[in-house]
Amino acid sequence: MCKQIRKEKESMTRKRLNIKPYNEFWFQNCIMHALAQITGSLGIIDCLLFDCIFTYEFEWKDGKPILIFKQEYHKGWIKCLEEKRIYTKFISAEPKELINKIKVSIDKDCPVIANIDCFFESLRRDCYGKSHVAHTLLIIGYDDTTKLFQVLEHNFKDDLYYKEQVIPYMEVVDASVGYTEHISKQNIIIYAEIDYCKADRTKTGKQKVIVSNLIVLEKMLNSLPIFKLFNKNIESYFMQSDMSKEEIKAYYHMVMGIVNLKRVFYSQIEALHLEYNILNTELLLKTINDWNILMGLLGKMVYSGFWSKKTLLKIVELFKSIYKTECLWLRDAKNDFLEVLA
């Protein structure tokens, strides 16, 4: 009898949902990584994978031609989750009631995704007490005896390895308030409650996956002329200007951003290849390796402070070579998909 009472008491003071760290794929933003922990634990990560669309954009910034590789979402994560019977509810809370409201959500078997400011979150060692950075925190449990929330979180911006950690109740409150004061500029805290209790755990059918990815490939193919336009402008810019270190640094950061997102793209395409054995990913891997070579060359120039017209010409030629390889890969991939559908 005493044991039963003790067990009931314990269940009222602590709870942890059965959600495990999931680190198989890269996404561009923290909300998608938080959702990946949930869908990954359910075995239906594919509902998030096949909604990403990647395209090139070109702009002039401070007189420099800049290439942008960007990720957008076709339907959006809320709609993707709803198709798997996973529902999102946005809940508002005052600071004094936030802890109890989060615990109520957890008691309903719903994990919580909170908008926070990393300046106030000690787990984010790169930002804590240093800079105000918007972030989302996945809360999967609580313990009233220690006043700690269980969370799945990473510790650095450039290290996206999620693991189970704990964070004090009041730190979540402070970080949530910090988000409203320094980032959103709203007067109310809003968090997302994710209800996955009736989730459909069946995998997306092969045909639907192929159709979804044809949309992705078509969008990227249609944006390739923008890459070609950038190459034309970068060649004349590099050959006619005396490049400063700051200009080289700007292109180093541009390529670094592209490389990071290319890795996201590759991890998702590789998953498709492993699951359905449709695509040849060799050419795609070659483009990513070439982007890495380009990033390394620009990085060397930034840190050495030395380059020549010959080096600049090599960079221009690398851009052109990458463009050609991407044209080949995307056209081959599209044909592979169409053959399977035929």
Side-chain angles (χ1 to χ4, degrees), residues 26-28 49-76 209-241 243 247-248 250-270 272-273 278-295 297-298 312-341:
W26 290 358
F27 290 93
Q28 188 183 17
L49 283 180
F50 307 133
D51 190 47
C52 301
I53 291 172
F54 299 85
T55 53
Y56 285 108
E57 288 188 0
F58 169 69
E59 67 176 33
W60 287 91
K61 189 174 181 182
D62 301 325
K64 296 186 292 294
I66 296 292
L67 184 69
I68 301 163
F69 187 58
K70 63 184 292 188
Q71 180 184 27
E72 295 174 330
Y73 296 97
H74 180 50
K75 290 177 286 191
V209 168
I210 292 169
V211 170
S212 297
N213 277 273
L214 268 171
I215 294 169
V216 173
L217 294 177
E218 283 283 2
K219 292 278 187 182
M220 199 164 161
L221 265 169
N222 291 340
S223 74
L224 279 177
I226 293 169
F227 194 167
K228 190 176 182 179
L229 177 65
F230 166 79
N231 283 344
K232 183 180 175 182
N233 282 278
I234 196 73
E235 182 170 16
S236 54
Y237 184 78
F238 271 29
M239 293 301 103
Q240 293 174 19
S241 305
M243 302 288 289
E247 286 173 301
I248 296 294
Y251 283 106
Y252 171 67
H253 286 296
M254 180 196 87
V255 172
M256 186 190 293
I258 292 172
V259 166
N260 287 338
L261 201 46
K262 285 285 179 183
R263 288 170 179 162
V264 174
F265 179 62
Y266 179 71
S267 73
Q268 296 181 17
I269 290 294
E270 187 182 39
L272 181 69
H273 172 65
I278 300 170
L279 296 171
N280 183 340
T281 57
E282 285 180 21
L283 278 175
L284 175 59
L285 191 54
K286 183 184 182 311
T287 66
I288 292 169
N289 288 336
D290 286 346
W291 278 113
N292 277 312
I293 290 168
L294 184 56
M295 183 172 70
L297 186 58
L298 286 163
L312 294 175
L313 188 59
K314 187 176 180 181
I315 288 171
V316 169
E317 291 306 313
L318 264 170
F319 274 122
K320 289 180 180 178
S321 173
I322 292 168
Y323 164 75
K324 287 176 183 175
T325 309
E326 291 208 354
C327 285
L328 286 172
W329 182 81
L330 283 165
R331 284 166 189 160
D332 285 353
K334 182 181 175 182
N335 289 334
D336 288 344
F337 281 140
L338 291 171
E339 278 180 25
V340 174
L341 284 176

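Below, all heavy atoms of this structure are taken into account, side chains as well, without hydrogens, waters or symmetry copies.
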Only counting residues at least two apart or in another chain, list the ones meeting side chain to side chain contact (heavy atoms under 4.5 Å, CB included) with [X].
| X | result |
| --- | --- |
| I68 | E57, E59, I66, K70 |
| L221 | L224, L330, R331, K334 |
| K324 | none |
| K232 | none |

Flag, side chain of S321 to backbone of E317, donor-acceptor distance under 3.5 Å: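 No; zero donor-acceptor contacts below 3.5 Å.
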If you measure from [atom1] on [X] to [atom2] on [Y], what distance do you get to the nearest 0.5 Å?
| X | Y | atom1 | atom2 | result |
| --- | --- | --- | --- | --- |
| I258 | F54 | CD1 | CZ | 13.0 Å |
| Y251 | M243 | OH | CE | 6.0 Å |
| R263 | I288 | CZ | CD1 | 8.5 Å |
| N335 | L217 | CG | CG | 10.5 Å |
| I53 | I215 | CD1 | CD1 | 6.5 Å |
| Q71 | N260 | CD | CG | 12.0 Å |

Compare every heavy atom of [Y] with every heavy atom of [X], then report the nearest pair and how far apart it is.
| X | Y | value |
| --- | --- | --- |
| K262 | E326 | NZ-OE2, 2.6 Å |
| L284 | T287 | O-OG1, 2.6 Å |
| V259 | N292 | CG1-OD1, 3.4 Å |
| N231 | I234 | O-CG2, 3.3 Å |

Indicate yes or no: at least one non-hydrogen side-chain atom of N233 is less than 4.5 angstrom from one of L67.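 Sidechains of L67 and N233: no contact.
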Measuring only between side-chain heavy atoms, which start at C-beta, is E218 closer than 4.5 Å to N222?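 When only atoms from C-beta onward are counted, N222 and E218 do touch, with a gap below 4.5 Å.
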K64 charged N/C atom sitting above Y237 aromatic ring, 6.0 Å / 45°: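 Geometry flag: not set, cation outside 6.0 Å or 45°.
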Of all residues at least two apart in sequence or in a different chain, which pass the side chain to side chain donor-acceptor pair (under 3.5 Å) check with [X]?
| X | value |
| --- | --- |
| K219 | none |
| D290 | K286 |
| D332 | none |

Excluding sequence neighbours, so at least two apart, what forms ring-ring contact (aromatic ring centres under 6.0 Å, His included) with F58?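 Expected list: W60.
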Quick one: list whatever passes ring-ring contact (aromatic ring centres under 6.0 Å, His included) with F227, sequence neighbours left out.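 F227: ring-ring contact (aromatic ring centres under 6.0 Å, His included) contacts with Y56, W291, Y323.
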Is the gap between the ring centers of F238 and F319 under 6.0 Å?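 So the answer is no for these two rings.
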